[in-house]
Amino acid sequence: MAEATASARKAPQPSRLRIGRRYRPGRLQGPYDAVVIGSGMGGLTTAALLSAAGKKVLVLEQHYTAGGFTHAYDRNGYEWDVGVHYIGDVGHHPTVTKKLFDFLTAGNLHWAPMDNCYDRICIGDEQFDLCAGREQFAAEILKHFPGEEKTIEAYLQRVSVAGRAMRLLAMEKLLPQWCGPLLALWKKFTWPDYLNKTTYEALRELTDNEKLIAVLTGQWGDNGMTPQTGSFIMHALIARHYLYGGYYPVGGASKIAETIIPQIQKGGGEVFTYAKVETILLDGKRVRGVRMADGTEIAAPLVISAAGVFNTFERLLPRSASEQAGYCRDLRRVRPSMAHLCLYIGLRKTAAELGLPKTNYWLYPGTDYEGAVREFTADSEAEIPLVYISFPSAKDPSFNQRYPGRATIEIVAPAKYEWFQQWHDKPWGKRGEDYEALKEKFSQRLLEHLYKHFPQLRGQIDYCELSTPLSTDYFCCYSRGEIYGLEHDPARFKESWLRPQTRIKGLYLTGQDILICGVTGAMIGGVVTAQSVLGWRRGLGIMRRIMAAPRERVRELPAD
């Protein structure tokens, strides 16, 4: 334990992993057809698709590296991802997700499969595996719950129905808002009631077995809402996304942005980092560009914000414009999603030597997820309700080539922004001994969870550091430390204003706030925004090119 404590206090070295080009006013080569604020998955997707349609697009990222929550960083001889722990639907099944990634990256992004058991749900001292493939998934669950065949089949059927419903949800974002009442009527008479319920309510209709419900909903950390509060649609889309296995980008998470950016540059555009936008400029009720923090004004007839709705309408758009357009009122009906802690761990042995799996671990004290979260948020000393452990160096077959003799682990847990708020105004890396002491306390608690399941790691840790909600705010500009944009409760899917085209001419939204959360959710949001900008004819033309493109095969590189 003392070894891990001492190593955690080593002076951190700056990350050298930088994707994108550093902003300088003299490097601007306008005029631009569109400016995208933020280089997360939604922003990059929209920019790449608009570039494919012949538009010159400028992407402005305030961070030192591009990618948003898909970026990675290296420090003290290790590399970690910050948000891409695994991706589904990119295997051998011909999915839209895989074709989109192939098109956006020109086939230069490759995927390595995880273990057949991609998620392991640990409830107390019991373990339950989620396995790749519909039949294998059901068979493994039934080993623990014999006699529940009808429940599992009904559950998987509901997951499929939610997947099909997603198409209408996406289409709804492209249709004029006056179609909203008609679509609402259509959904009322054609959609099953459970699509508008919480995950727990939808599953409680199928079974009263609380442990089975807990196992089926054990991935709730992927959207940050417990089954009792989160939308069943969101849960079902995540479950369906991983049903045929989890995958990891070969070369690490930063390969996503690295392989997309050249498609933007081919159209004459660019992705700048250290490029902080101060405000969106208006000419009356129309967008005319942006003003940078250094005072430089960049003209563009289209501005697309991938910065989230709170940043867009509270920080970037003039307050008077947000009020006049009704967005200040709209924002009161939505809430930021879960904040989190993440412990980044480095070890001086390989994943194989340490016995690290390609399986994610979800650790819970019991089946009452909601009660555990309520106790923890009320008292940070209470038992941590969810601990998620990921092993990126085991998942990436190229890691040993890039970092010989080393391995990495990441541990994620929920947190409250308020626990760290008093240090908000302190500079990053210099928040004082009290802040570091609190981080150390959480770090040791998380390490004990790791040692419980991997006792061979005790004494093996060379370096570790903890990020808090303040880190998320500092690097990603989410003021409450949220990681999934907006909360995904059932009410969120009734907010018709969460759509690409805003009420201000020339201003669009993209990313996870307009549709659903996650890397793939933000990517689909980027597609919907590009469609909205281009219109039906040109947008469908791009989609035909995407679907017709040859599909890259999933490949696994040799470990050494």
Side-chain angles (χ1 to χ4, degrees), residues 13 15-20 41 44 65-92 97-98 100-118 132 242 245-263 342 344-361 389-411 457 460-464 519-520 523 551-560:
Q13 301 169 0
S15 174
R16 301 164 299 165
L17 194 57
R18 308 292 173 95
I19 307 298
M41 196 68 220
L44 290 178
T65 188
F69 280 116
T70 71
H71 86 268
Y73 77 99
D74 66 347
R75 182 165 294 150
N76 289 42
Y78 299 97
E79 178 186 316
W80 301 273
D81 61 68
V82 301
V84 183
H85 300 122
Y86 60 154
I87 301 291
D89 275 344
V90 291
H92 297 291
T97 298
K98 183 64 168 65
L100 278 170
F101 271 117
D102 287 344
F103 185 85
L104 294 170
T105 66
N108 291 316
L109 180 64
H110 306 291
W111 302 94
M114 294 168 58
D115 290 336
N116 185 61
C117 164
Y118 51 90
Y242 293 115
Y247 297 81
Y248 194 80
V250 176
S254 65
K255 284 294 180 182
I256 296 176
E258 182 181 317
T259 52
I260 294 176
I261 288 174
Q263 319 322 313
C342 187
Y344 300 96
I345 300 169
L347 308 97
R348 283 189 176 271
K349 287 184 180 178
T350 67
E353 290 170 336
L354 294 166
L356 305 184
K358 300 177 186 177
T359 299
N360 303 316
Y361 275 62
I389 308 177
S390 174
F391 306 92
S393 60
K395 298 174 188 177
D396 179 7
S398 75
F399 190 90
N400 285 349
Q401 300 168 17
R402 297 182 294 120
Y403 299 93
R406 300 203 172 199
T408 56
I409 301 171
E410 295 159 4
I411 309 178
L457 300 181
Q460 297 290 335
I461 293 176
D462 174 57
Y463 178 81
C464 65
V519 175
T520 302
M523 179 173 67
R551 191 168 63 91
E552 281 289 312
R553 293 183 62 82
V554 175
R555 68 178 190 179
E556 183 163 358
L557 301 183
D560 296 306

Donor-acceptor contact below 3.5 Å, side chain S393 vs main chain A407: no
Flag side-chain contact, heavy atom, 4.5 Å: F101 against M523: yes
Main-chain N/O of T350 paired with E353 side-chain donor or acceptor, under 3.5 Å: yes
Backbone N or O of D81 within a donor-acceptor pair of the E410 side chain at under 3.5 Å? yes
Taking T65 for the side chain and I19 for the main chain, is one N or O donor matched with an acceptor at less than 3.5 Å? yes
If you define the side chain from C-beta out and look only at heavy atoms, does anything of L109 sit under 4.5 Å from P249? yes
Using 0.5 Å steps for rounding, measure from the CZ atom of R18 to the NE2 atom of H71. 10.0 Å
For the backbone of Y118 and the side chain of Y242, can you confirm whether one donor and one acceptor N or O come within less than 3.5 Å of each other? no
Kindly indicate whether the side chain of I461, heavy atoms from C-beta on, has any atom under 4.5 Å from the side chain of I409. no
Value for CG (L356) from CG (L457), rounded to nearest 0.5 Å, stands at 6.0 Å
Close side-chain approach of M41 to I260, heavy-atom, < 4.5 Å: yes
Point-to-point distance, once rounded to the nearest 0.5 Å, from OG1 of T520 to CD1 of I87: 4.5 Å
I want to check something: taking the side chain as every heavy atom from C-beta on, are S390 and K395 in contact at a cut-off of under 4.5 Å? yes
Y344 and R75, any side-chain heavy atoms less than 4.5 Å apart: no
D115 and T359: side-chain hydrogen bond (donor to acceptor under 3.5 Å, both in side chains), yes or no, with the steps? CA-CA 6 Å; D115 290 336; T359 299; 3.3 Å; yes
How long is the straight-line distance from NZ of K255 back to OH of Y248, given to the nearest 0.5 Å? 12.5 Å
Check: A72 main-chain N/O paired with S254 side-chain donor or acceptor under 3.5 Å: no
Donor-acceptor pair, side chain of Y86 and main chain of N360, under 3.5 angstrom: no
Sole residue of Y73, Y403, F399, F391 in ring pair (Phe, Tyr, Trp, His ring centres under 6.0 Å) with W80: Y73
Measure from the side-chain N and O atoms of N108 to the backbone N and O of T259, and report whether any donor-acceptor pair falls under 3.5 Å. no
Quick one: does L104's side chain get under 4.5 Å of Q263's, heavy atoms only? no
Rounded distance [0.5 Å steps], CG in L347 versus OH in Y463: 13.0 Å
Cation-pi between R406 and Y78: NZ/CZ under 6.0 Å from ring centre and within 45° of the ring axis? yes
